[in-house]
Each structure stands twice: as structure tokens, then as C-alpha cells.
Amino acid sequence: MIAIIGAGLIGLSLAYELTRRGGEVRVFDVGEAGGAASWAGAGMLAPDTEAPPSSAMQRLCALSLDRYPAFVKGVRADSGIDPRLHLDGILHIALTANDSERLRARVAASVAEGIPARWLTRGETVALEPSAAGNVIGAALFKREGHVDNRRLGRALRAACERQGVGISAHCGSIAIESDARRVRGLRTTDGFLAADVVVNAAGAWASMIDGLPEHARVPVHPVKGQMLALAMPRGLVRRALWYSDGYVVPRDDGRLLVGATVEDVGFDVRVTADGVRTLLDAVLRALPALRDLALVETWAGLRPGSADGLPYIGFGALGGYAVATGHFRNGILLAPATATMLADIIEGKACVVEPGPFSPQRLADPGNRMTVPA
Ligand SMILES: Cc1cc2nc3c(=O)[nH]c(=O)nc-3n(C[C@H](O)[C@H](O)[C@H](O)COP(=O)(O)OP(=O)(O)OC[C@H]3O[C@@H](n4cnc5c(N)ncnc54)[C@H](O)[C@@H]3O)c2cc1C
């Protein structure tokens, strides 16, 4: 029996993978399944855009992107809910000579690494994305990237898990890990004690605060706030995800255009602020003046789980039977399928496709190994 704490995209993807392999899984969440950061995110699948902080992370991100079509196909078939995956590229628009120089260099470096990318002239950019016509002087197209509707993916994963027999306890009240000196024994829930062979901590930005965890088994995770908003756009006005130097837009099939995102180190604060909204609107209207008259239909904020060195924690922690899957920061939606496969392999004692060492929750046991989180 495997108990997972946290029903975000990471916890649910792992539950889905483990039950497909025949495991018995229960998931507990103090809030809504598929809520928190997994609901608040933009859903971009952007390993090339986000420039991962290490080659190990680059490999994990690329592997996860490769897995996405099959992952979504399975979840859609098992749930009847389409998470609306689009892999039609992400366009980085250049508005200044500096942008252009920087992006051309990124394209050249990416192509040298075998990443499918291309520089587009202004004419080519506008033909592909007429909404960018305003101030654009060219663009970098990262061809294999795209986006998924993470809110729909959360609903789909929950339904697919439940159909496969995963017990999901949302709004579960307080839970605590029970352990002896060497290993976890299970979870203390409001319904009593639940024995578990493995307990997985997938509690996102709250992962270091789980009750009952001995101090030495806690991984350093901190919340990084992101505010976003949505505009209502005529169908097809913006066709694909677009980046500009200080933000991005992502179109949804329901006619919303997501505008993101702030990156703020302000603790567990999920208020939408006047300054946050102004920052997002100033940036998007500078880049895409054609959006000026669109209605503002939604604002929200979420907490990215930041790790101490910018890499996620995936693997067994400093206590027998205790595993961790968190710290995915800005890439948790992208990394959900690869995290699930990797941790399921580790739990089953199988070899992983990507070397797991760099992601081990125990890598930071020596404080000298800690670095600051890249912005
Ligand atoms: C504004 C914004 C934009 C983003 N954009 C992108 C993007 O474009 N692409 C991308 O890949 N990533 C993006 N991210 C990052 C991504 O959303 C996260 O990395 C990912 O959702 C983390 O998933 P998770 O399951 O680890 O955490 P969460 O989704 O936060 O889930 C953690 C769960 O644990 C539960 N929990 C907490 N404490 C307890 C407890 N004690 N007991 C039980 N349950 C508990 C919470 O209720 C929550 O449901 C974005 C994030 C934000 C905020």
C-alpha cells in the first residue's frame, strides 16, 4: 500500500502511474484535488524556453515533454476528459534590437544542441501570429514546445485515478506521518491509522511542513508566488503561446487568454495585488498592443514549490519507506509524467531512464551543496 500526501498534478500523476502498474494507492489532500499550483499554473510545456538549470534537468524536462502525448492519450481514454494538449511551438517575440540579438543567440545555441528552433523574420512572425504585428521585429520559434490545460488535466487525472480504484481523500483534515527511528509506518488521518509500505510527500510548496516528519527528513521547499490574469479573446486572436521579455500569454480553447506571471518571494500569500495586475497588464500591452480592448475576466495567484537548488526532489528521503516528489518550481506541469515514471521506477527498485542522483532528496544533506534558487 502506497500513501501519497498531496493531490496536485505530481501526486495524481504518480498515483495514476503506480495503479497502472498494479499498485494499491491512496491519496490525501487537505484541499481540492488538482487545486493549488496545479490549478494556478499556465500549463506551458517549455523545456527549451525555461532554460533548465542543469543538463540533468534538461534531460528530465525533454523526456517529460516526449512522454506528454502518450500520457494525455491514456488519461483522456481513462477519464473521458480531454486535457487539450497543443504542441505547436512557443514563439518568443523580439521587440528591441537587444531582444533580437539575445534570441538569435538562443536559437543558434539550441540548434547546436539538436533542439528544434528557428529564427523568424518580422514577416514570418506576423504570418504565423498576426496578433504580434504591433511592435515585433522578429521571433524565435521553439518548435517542439506547447501547452496543456492544467485545470482540465487535474480533473482528468482525478477521474482516471478514481476509475482505476485509487482512493482520493480531498479535504481530508489533518494528517501526520507516523514513523519509528528507521522508517515510516503509515499515516495518522482523521479516520485513524493507515499502515503504508511507502509514504510519498507530494505536498508542493507545503512539503516541508508535513506533521510528524522528523526534522532530518524534511526537504527545503519554499513558496514562490505567481499572479496571473485572463483576458477574453475572440477565437483564434492569439494562436499559440507567446513569450516576450517580461511575460507570456497562453491561449485556452475556451476563449481565455492567460497572461503570466509574477515571480515573488513573499511566503504563503496568495492575494492578487494591484501592483501584480498592473505589472502583468503593462508588460502584455507593451508587447501586444492589439489586446488593449479585451475584457479582463479572471485574476488568481498560486505558489510554486521552490527547491534549494532549482531542481526537484524525486526519490527516497532520509527515512525508510519515505519518498518525496516536490520542488518542481516553474516546471511541475511539464515534469508530471517523467516524475511519475521516475519515482514509480525507484519505488519498484527498477532502473530509471534518467540518472536519478541529481534529483535525490538527500543530495542537500551537506549544506555546502546548497545553492540559491535561480530567478
Ligand atoms: C502562476 C504559475 C504559473 C505556472 N506556470 C507553469 C507552466 O507554465 N508550466 C509548468 O510546467 N509549471 C508551471 N507552474 C508550476 C507548476 O504549477 C507547479 O510546479 C506544479 O503544479 C506543482 O505541482 P504539485 O503537485 O507539486 O503541487 P501543488 O499543485 O501545489 O499540489 C500540492 C498539494 O498538496 C496539498 N497539501 C499541502 N499540504 C498538505 C498536507 N499537510 N496534507 C495533505 N495535502 C497537503 C495541497 O492542498 C495541494 O493540493 C506554474 C505555477 C504558478 C503558480
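The model shown is predicted, which means the values in this text are computed figures rather than measured ones. As the structure lists them, so they are numbered: ligands from 1, and atoms in each ligand from 1.
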**OP:** May I ask you to decide if Asp197's main-chain N or O and Arg183's side chain share a donor-acceptor pair within less than 3.5 Å?
**Re:** yes
Original post:
Would you say Val224 has any N or O atom under 3.5 Å from an N or O of ligand 1, going by distance alone?
Top reply: no
**OP:** Before signing off on this row, confirm whether Ser38 and ligand 1 have an N or O atom pair separated by under 3.5 Å.
**Re:** yes
Subject >> Exercise: do Gln227 and Thr299 side chains pair donor with acceptor under 3.5 Å >> reply: no
Original post:
Counting N and O atoms only, with roles assigned by atom type, does the side chain of Glu355 sit under 3.5 Å from a partner on the main chain of Gly357, one being a donor and the other an acceptor?
Top reply: yes
**OP:** Check whether any side-chain heavy atom of Ser54 lies under 4.5 Å from a side-chain heavy atom of Leu311, and answer yes or no.
**Re:** yes
Original post:
If you count the atoms of ligand 1 from 1 in the order shown, which ones are under 4.0 Å from a heavy atom of Leu9?
Top reply: 25 (O)
Subject >> Backbone or side-chain N or O of Ala42 under 3.5 Å from ligand 1 N or O >> reply: yes
Subject >> Thr341 vs Arg21, side-chain contact (heavy atoms from CB on, under 4.5 Å): CA-CA, chis, key distance, verdict >> reply: CA-CA 10 Å; Thr341 314; Arg21 298 181 183 201; 3.7 Å; yes
Original post:
Going by the atom numbers of ligand 1, which of them fall below 4.0 Å from some non-hydrogen atom of Gly226?
Top reply: 1 (C)
Original post:
Does Pro305 approach ligand 1 within less than 4.0 angstrom via side chain, backbone, both or neither, non-hydrogen atoms only?
Top reply: side chain
Subject >> Atom indices of ligand 1, in the order listed, that fall short of 4.0 Å to a heavy atom of Asn331 >> reply: 10 (C), 11 (O), 12 (N)
Original post:
Is Arg102 close enough and on-axis enough to Trp119, meaning under 6.0 Å and within 45°, for cation-pi?
Top reply: no
Original post:
With a 4.0 Å heavy-atom cut-off (strictly under), which part of Ile333 contacts ligand 1: side chain, backbone, both or neither?
Top reply: both
**OP:** For Ile175, counting its heavy atoms only, list the atoms of ligand 1 lying under 4.0 Å from any of them.
**Re:** 42 (N), 43 (C)
**OP:** Inspect the surroundings of CD in Glu24 and state if more than 12 heavy atoms from other residues, nucleotides or ligands are less than 6.0 Å away.
**Re:** no
Subject >> Step-by-step salt bridge (Lys or Arg N to Asp or Glu O under 4.0 Å) determination, Asp254 to Arg252 >> reply: CA-CA 5 Å; Asp254 63 7; Arg252 284 283 183 260; over 6 Å; no
**OP:** May I ask you to identify, for Trp39, whether its side chain, its backbone, both or neither come under 4.0 Å of ligand 1 on a heavy-atom basis?
**Re:** neither
Original post:
Of all the non-hydrogen atoms in the protein, which one sits nearest to atom 8 (O) of ligand 1, and at what distance?
Top reply: Met44 N, 2.8 Å
Subject >> Protein heavy atom at shortest distance from atom 52 (C) of ligand 1 >> reply: Arg304 CG, 3.7 Å
Original post:
What residue and atom, counting heavy atoms only, is the protein's closest point to atom 44 (N) of ligand 1, and at what distance?
Top reply: Val30 N, 3.3 Å
Subject >> Basic-acidic side-chain contact under 4.0 Å: Arg286, Asp246 >> reply: yes
Original post:
So which heavy atom in the protein is nearest atom 48 (C) of ligand 1, and how far is it from that ligand atom?
Top reply: Asp29 OD2, 3.4 Å
Original post:
What about Thr326: any of its N or O atoms under 3.5 Å from an N or O on ligand 1?
Top reply: no
Original post:
Between Leu335 and ligand 1, does any nitrogen or oxygen pair lie at a separation below 3.5 Å?
Top reply: no
In a table with atom names and distances, give each donor-acceptor pair under 3.5 Å that connects a side chain of residues 9-16 to protein atoms at least two apart or in another chain.
residue	atom	partner	partner atom	Å
Ser13	OG	Leu9	O	2.5
Tyr16	OH	Arg20	NH1	3.1
Tyr16	OH	Gly74	O	3.1
Tyr16	OH	Val75	N	3.4
Tyr16	OH	Asp78	OD2	2.7

Original post:
Is it the side chain, the backbone, both or neither of Lys225 that has a heavy atom closer than 4.0 Å to ligand 1?
Top reply: neither
**OP:** Evaluate the side-chain proximity of Met228 to Val259: yes if any heavy-atom separation is below 4.5 Å, no if none is.
**Re:** no
Subject >> Gly302 N/O to ligand 1 N/O under 3.5 Å >> reply: no
Subject >> Any N or O of Ala36 closer than 3.5 Å to N or O of ligand 1 >> reply: no
**OP:** To the nearest 0.5 Å, tell me how far Ile137 CD1 sits from Thr125 OG1.
**Re:** 9.5 Å
**OP:** Ignoring hydrogens and angles, state whether a donor on the side chain of Ser131 or Glu129 is under 3.5 Å from an acceptor on the partner side chain.
**Re:** yes
Subject >> Leu303-ligand 1 polar pair, N/O distance under 3.5 Å >> reply: no
**OP:** Could you list the atoms of ligand 1 found under 4.0 angstrom from a heavy atom of Phe28?
**Re:** 43 (C), 44 (N)
**OP:** Take Glu101 and Arg104 through the test salt bridge (Lys or Arg N to Asp or Glu O under 4.0 Å) and record every step on the way to the result.
**Re:** CA-CA 5 Å; Glu101 197 180 325; Arg104 280 172 185 270; over 6 Å; no
Original post:
With a cut-off of 4.0 Å, which atoms of ligand 1 are near a heavy atom of Gly35?
Top reply: 29 (O)
**OP:** Using a strict 4.0 Å cut-off to heavy atoms of Gly31, name the atoms of ligand 1 that fall inside it.
**Re:** 47 (O)
**OP:** Report, in ascending order of atom number, the atoms of ligand 1 lying under 4.0 Å from any heavy atom of Ile210.
**Re:** 40 (C), 41 (N)
**OP:** Would you please determine whether Gly260 falls within less than 4.0 Å of ligand 1 on a heavy-atom basis?
**Re:** no
**OP:** Would you tell me which option among Arg330, His328, Met228, Glu32 has the nearest heavy-atom contact to atom 12 (N) of ligand 1?
**Re:** Arg330
Original post:
Relative to the ring of His92, is the ring of Trp243 parallel (under 30°), tilted (30 to 60°) or perpendicular (over 60°)?
Top reply: parallel
Original post:
Do Arg185's NZ or CZ and the ring of Phe193 fall within the cation-pi criteria of under 6.0 Å and 45°?
Top reply: yes
Subject >> Side chain, backbone, both or neither: Asn150 near ligand 1, heavy atoms under 4.0 Å >> reply: neither
Subject >> atom 18 (C) of ligand 1 - nearest protein heavy atom and its distance >> reply: Phe329 O, 3.7 Å
Subject >> atom 31 (O) of ligand 1 [closest protein heavy-atom partner, distance rounded to 0.1 Å] >> reply: Gly8 CA, 3.5 Å
Subject >> Interatomic distance, Ile93 atom CD1 to Ser100 atom OG [nearest 0.5 angstrom] >> reply: 12.5 Å
Original post:
At what distance is the nearest protein heavy atom to atom 4 (C) of ligand 1, and which residue and atom is it?
Top reply: Gly41 CA, 3.4 Å
**OP:** Could you tell me the separation between the CG atom of Leu85 and the CZ atom of Arg76, rounded to the nearest 0.5 Å?
**Re:** 8.5 Å
**OP:** Would you check the N or O atoms of Trp206, main chain and side chain alike, for any that come under 3.5 Å of an N or O of ligand 1?
**Re:** no
Original post:
Based purely on interatomic distance, does Ala325 place a nitrogen or oxygen under 3.5 Å from a nitrogen or oxygen of ligand 1?
Top reply: no
Subject >> atom 20 (C) of ligand 1: the protein heavy-atom neighbour that sits closest, reported with distance to 0.1 Å >> reply: Gly332 CA, 3.7 Å
Going by atom type alone, with no hydrogens or angles, which donor-acceptor pairs under 3.5 Å involve a side-chain atom of residues 168-176 and a protein atom two or more places apart or on another chain?
residue	atom	partner	partner atom	Å
Ser169	OG	Arg26	NH2	3.4
His171	NE2	Glu32	OE1	2.9

